[in-house]
Amino acid sequence: MERVGVIGGGLMGSGIIEVSARAGLDVIGIEISDEAAQAASQRVEGSLRRAESRGKIETTEVEAVLERIRFESDLEALADRDLVIEAASEDETIKLDLFRRVGEILTSDEAILASNTSSIPIVKLGAVSGRADRVMGVHFFNPAPVMALVELIPSLTTSPETLDRMRGWVGDSLGKQPIDATDRAGFVVNSLLVPYLLSAIRMYEAGYASATDIDQGMVLGCGHPMGPLALSDLIGLDTIKAIGESMYAEFKEPLYSPPPLLGRMVDAGLMGKKSGHGFYPYEGR
Ligand code: NAD
């Protein structure tokens, strides 16, 4: 699968675009408007330039990678793709609409349509796509160019062949490490991670300790590379709220229910690092 499309060029989409182009693949990134496509293009280039300044990639290679990427705002541009990975906002209505439309646009019967969703049922995305056997979840981690893990999520209707092809693509083309998960909201990693992050937010909301003390506690006491509130800011508070809501809707487990403070912060536009402010302020914003 050498012609790849990525829908959404935010935090995750831009990373998946970069990873795919660095693997030598031809990539089209789709955003909601020309302005958003421009911003996504800058996000990818910024990440590559940072890698270049750290000596992780040669200047000539950066140019070559950028040449393999094209940004568009029209889904029709995806018609000739072998693989499309949807990484748009964590919103079921948006994703269902995209799967319905892209399922019709793809011309190849072999083409696979995958979602980077963290919690929306894959089976629902397959059902509206008209190609349910070639739809599955492929869940990258943030930042995608750095993190080795990819969760592979076949739904009840995904064919074994689709899963095998995606496993080969993730392992052989991208050089990442896949693990298999079932089509349950949260899959493996978020089922464990999200209740932990929501518990930290509840703890902060209840005034147990300051944000820095909660984070220091987990960094110095448990050897985590960053604390839960800093990690929440990195993931995006809107994304965590949406994942918690989907997990709560599926399991009715109170630990998955987003606390009121998280909702208020999202309503206020405090989305974390990507908006310049979350539990912490971020430089330059
Ligand atoms: P984000 O808010 O950074 O980016 C989402 C992007 O999708 C935005 O740029 C938006 O303009 C675009 N978009 C929205 N509707 C669109 C449409 N109809 N067509 C094209 N583009 C559209 O969000 P993100 O963190 O990149 O998350 C994207 C997906 O990845 C979500 O499903 C999320 O659950 C999942 N995910 C997120 C993380 C994380 O750590 N943030 C990790 C793994 C998976």
Side-chain angles (χ1 to χ4, degrees), residues 5-19 28-44 46-47 71-78 84-102 105 113-122 124-125 128 136-153 170 176 179 181 185-194 196-197 226 228 230-247 258 266 269-276 278:
V6 178
I7 307 176
L11 216 53
M12 292 307 296
S14 61
I16 299 168
I17 289 168
E18 179 182 334
V19 167
I28 296 180
I30 299 280
E31 257 295 350
I32 194 122
S33 64
D34 290 341
E35 297 76 48
Q38 178 69 20
S41 162
Q42 285 166 357
R43 217 168 279 127
V44 174
S47 167
F71 285 91
E72 301 279 348
S73 55
D74 183 357
L75 285 175
E76 297 286 340
L78 297 174
V84 172
I85 300 177
E86 172 278 315
S89 316
E90 188 72 346
D91 178 314
E92 190 169 314
T93 310
I94 291 177
K95 290 190 193 285
L96 287 174
D97 178 55
L98 285 169
F99 272 71
R100 195 175 294 118
R101 288 159 65 199
V102 178
I105 288 168
L113 183 46
S115 177
N116 188 52
T117 180
S118 305
S119 58
I120 293 166
I122 306 298
K124 284 193 185 176
L125 303 177
V128 296
M136 62 177 283
V138 52
H139 188 230
F140 289 77
F141 289 79
N142 181 28
V146 176
M147 302 297 276
L149 182 70
V150 176
E151 288 176 313
L152 299 179
I153 309 105
V170 165
K176 300 229 176 251
I179 61 169
F187 316 131
V188 172
V189 174
N190 280 327
S191 293
L192 296 170
L193 180 66
V194 170
Y196 159 67
L197 299 179
M226 70 173 70
L231 180 56
S232 298
D233 276 357
L234 184 70
I235 294 171
L237 301 189
D238 53 335
T239 301
I240 293 178
K241 177 171 176 272
I243 299 170
E245 281 167 346
S246 298
M247 289 171 60
V266 171
L270 304 171
M271 308 294 191
K273 201 167 179 190
K274 67 182 169 188
S275 75

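Count residues from 1 along the sequence. Note that ligands are numbered from 1 as they come in the structure, with each ligand's atoms numbered from 1 the same way. Both backbone and side-chain heavy atoms feed into the values below; hydrogens, waters and symmetry mates do not.
Below 4.0 Å from some heavy atom of E90 lie the following atoms of ligand 1, by number and element: 31 (C), 32 (O), 33 (C), 34 (O). Below 4.0 Å from some heavy atom of H139 lie the following atoms of ligand 1, by number and element: 43 (C), 44 (C). Taking every heavy atom of T117 and a limit of under 4.0 angstrom, the matching atoms of ligand 1 come to 32 (O).
Between atom CD1 of residue I30 and atom CD of residue E72 there is a gap of 6.0 Å, rounded to the nearest 0.5 Å.
By heavy-atom distance, the residue among S14, G8, A88, G10 lying nearest atom 29 (C) of ligand 1 is A88. Between atom 5 (C) of ligand 1 and the options A40, S89, S33, the minimum heavy-atom separation is to S89. When the heavy atoms of I240, V150, I32 are ranked by distance to atom 17 (C) of ligand 1, first place goes to I32.
Using a 4.0 Å heavy-atom cutoff, F141 is absent from the residues neighbouring ligand 1. Contact annotation: G236 has no heavy atom less than 4.0 Å from any atom of ligand 1. Contact annotation: A87 has at least one heavy atom less than 4.0 Å from an atom of ligand 1. Residue K95 places a heavy atom less than 4.0 Å from ligand 1.
Residue I243 has no N or O atom closer than 3.5 Å to an N or O atom of ligand 1. At a 3.5 angstrom cut-off on N or O pairs, S118 counts as close to ligand 1.
Contacts with ligand 1 closer than 4.0 Å are made by side-chain heavy atoms of I94 only, the backbone lying farther away. Contact annotation for L11 and ligand 1: heavy atoms of both the backbone and the side chain come within less than 4.0 Å of the ligand. Looking at I7 against ligand 1, only its side chain comes within 4.0 Å, counting heavy atoms.
Side-chain contact check for E31 and S73: no donor-acceptor pair (N or O, by modelled atom type) lies under 3.5 Å. There is no side-chain donor-acceptor pair under 3.5 Å between E90 and T239.
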